[in-house]
Visitor: 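Please see the structure below; I have some questions.
Both ligands and their constituent atoms are indexed starting at 1 by order of listing.
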Amino acid sequence: MAVATAKKTNGKPGPGPKHNIEAAREDYYQRIDKHDMAPLWKVMNSVVTEEPVTRCAPVVWHFDDVKSLVMESGGLITTEEAKRRVLILENPAMRGESKATNTLFAGIQMILPGEVAPAHRHVAAAIRFVLDGEGAYTAVDGEKAFMSPGDFVITANWAPHDHGNTSKKPMLWLDVLDFPAVNFFEASFAQSFDEPTLATTRQDGESLSRYGSGVLPDGKWDKSYTPVINYTYKRTRPIVERMAAAGDVDKSHGARVRYANPVTGGPVLPTMSAWLAMLPKGFKGEPYRATDGTVFVCVEGEGHTEVDGEVLEWGPNDVFVVPPWKRYHHVAGKQSVLFSISDRPAQEALGIWREGK
Ligand code: 1HN
């Protein structure tokens, strides 16, 4: 078959004698630069890396520091003024970007007795993991989910939500949102409502009883996220405790369950998934790594996680980050419970998630 051939150069490179080649290339790069073009061959290895490259650093925030600093914010600004009184947990390697990992925001929110955080909605989905206090609520579409420590509450993409505290104590929780991922796609929308709280015909806690009790309404739920608003600690903790007692303990992750959408068995949100794990006393996990960066909360117990040679010590309500593809293992001095959340379902939907030893 005839093949079109380039102009013959007698074996010499096209542009001219070899000693001129660097100068010729430089001149060429400058000329293509003026047309917003650049040579791939100079950057190829850094844009398509052999292994994941992350800017995210392993980091732990200790609740002793976090709690007193967050409490102090209560005297400086009201929820009414702030809309959401949240201190951002900024990854030290990405300060100023409101990121805990490259795709996830993490922050600590406080609502004082009597306060209301007014209704709004946004494309970014949120999860809340309750750290301290009892009896404040998140309302989704007006349905109130009253929260206790260890509860895991979902606010899906574009779901209207407000928070309130009708208890006598401050309430603190961890917020994790996927907005860095949404913003990567430049697909963010947000809206506030005229009324601070939304009217509803649904009873408090209705979503859990309807969808989280082993029966389902005889109708359709066709959304991309779970219909359950609050996955309570009271219901989930005994499950991992029984698994641990039965020896159903993963060598890396401990006795671990994944929070599921009860309609599909899939993740609670299309962008974020969550897990609860009990590590038996003396647990020393086998090294593990995966491409999803993960935000962990120590719910109970005491131990440490070694990430890429760095030791993150944790105790109750400490929050820590394991970056993508960094090898880590958990060590529990006491029987411990870890909650975790990552962007794994988003990566799986795109076919890019990988795990390894
Ligand atoms: C937000 O709307 C909430 O609704 C919490 O409670 C944290 C962080 C960034 C942007 C929006 C909430 C948030 C947030």
Side-chain angles (χ1 to χ4, degrees), residues 61 66 69-70 73-74 77-91 94-133 135-147 149 151-167 170-198 200 207 225-226 229-231 268-269 271-272 274 295 297 319 321 339 341 343:
W61 290 269
V66 165
L69 291 168
V70 171
S73 73
I77 191 162
T78 62
T79 287
E80 194 183 10
E81 198 181 348
K83 307 288 188 244
R84 297 296 188 266
R85 193 201 288 109
V86 178
L87 290 194
I88 305 169
L89 302 179
E90 290 198 318
N91 192 286
M94 299 185 282
R95 293 302 310 274
E97 298 181 43
S98 303
K99 290 175 172 184
T101 73
N102 212 33
T103 57
L104 299 180
F105 165 93
I108 307 290
Q109 179 157 182
M110 179 172 69
I111 302 241
L112 292 172
E115 287 188 327
V116 168
H120 69 187
R121 63 178 165 182
H122 33 68
V123 163
I127 63 102
R128 335 215 172 260
F129 189 77
V130 180
L131 301 175
D132 206 29
Y137 65 83
T138 285
V140 178
D141 265 323
E143 178 185 326
K144 285 182 183 139
F146 282 90
M147 303 186 284
D151 289 1
F152 163 54
V153 174
I154 307 286
T155 315
N157 177 345
W158 211 238
H161 55 282
D162 53 87
H163 315 293
N165 189 347
T166 46
S167 83
M171 175 83 140
L172 276 75
W173 65 71
L174 172 74
D175 283 313
V176 178
L177 282 88
D178 59 10
F179 73 70
V182 173
N183 291 346
F184 174 78
F185 289 105
E186 299 179 328
S188 172
F189 293 88
Q191 188 181 52
S192 45
F193 294 89
D194 295 336
E195 298 300 318
T197 53
L198 296 174
T200 186
S207 79
Y225 52 84
T226 178
I229 298 171
N230 187 354
Y231 292 79
V268 291
L269 292 165
T271 51
M272 295 187 280
V295 177
V297 182
V319 177
V321 168
F339 171 82
I341 181 139
D343 64 1

Visitor: Mind checking whether Lys83 has a heavy atom under 4.0 Å from ligand 1?
Guide: no
Visitor: Side chain or backbone, does Asp175 bring an N or O within less than 3.5 Å of an N or O on ligand 1?
Guide: no
Visitor: What are the atoms of ligand 1, with element, lying closer than 4.0 Å to any heavy atom of Phe105?
Guide: 8 (C)
Visitor: Relative to the heavy atoms of Arg128, which atoms of ligand 1 are at a distance of less than 4.0 Å?
Guide: 3 (C), 4 (O), 5 (C), 6 (O), 12 (C)
Visitor: Please round to the nearest 0.5 Å and tell me the distance separating atom CD of Gln109 and atom CG of Leu131.
Guide: 11.5 Å
Visitor: Can you see whether His163 engages His161 through a side-chain donor-acceptor pair at a distance of less than 3.5 angstrom?
Guide: no
Visitor: For atom 9 (C) of ligand 1, find the nearest protein heavy atom and state the residue, atom name and distance (0.1 Å precision).
Guide: Phe179 CE2, 3.4 Å
Visitor: Could you list the residues that satisfy side-chain hydrogen bond (donor to acceptor under 3.5 Å, both in side chains) with Thr79, not counting sequence neighbours?
Guide: Arg85, Glu115
Visitor: Examine distances only and state if a side-chain atom of Asn165 and a backbone atom of Ile111 form a donor-acceptor pair shorter than 3.5 Å.
Guide: yes
Visitor: Checking a contact table here: which protein heavy atom is nearest atom 1 (C) of ligand 1, and how many Å away?
Guide: His122 NE2, 3.8 Å
Visitor: Looking only at the aromatic ring of each residue, does the gap between the centers of Phe339 and Phe129 stay below 6.0 angstrom?
Guide: yes
Visitor: Does only the side chain of Leu177 get under 4.0 Å from ligand 1, or the backbone, or both, or neither? Count heavy atoms.
Guide: side chain
Visitor: Starting from atom 6 (O) of ligand 1, locate the nearest protein heavy atom and write down its residue, its atom name and how far away it is, to 0.1 Å.
Guide: His163 NE2, 2.6 Å
Visitor: Among all protein non-hydrogen atoms, which one is nearest to atom 12 (C) of ligand 1, and what is the separation to 0.1 Å?
Guide: Arg84 NE, 2.9 Å
Visitor: Looking only at heavy atoms, which two atoms of Asp162 and Pro196 are closest? And how far apart?
Guide: CB-O, 3.6 Å
Visitor: Parallel under 30°, tilted from 30 to 60°, perpendicular over 60°: which one fits the rings of Phe105 and Phe179?
Guide: tilted
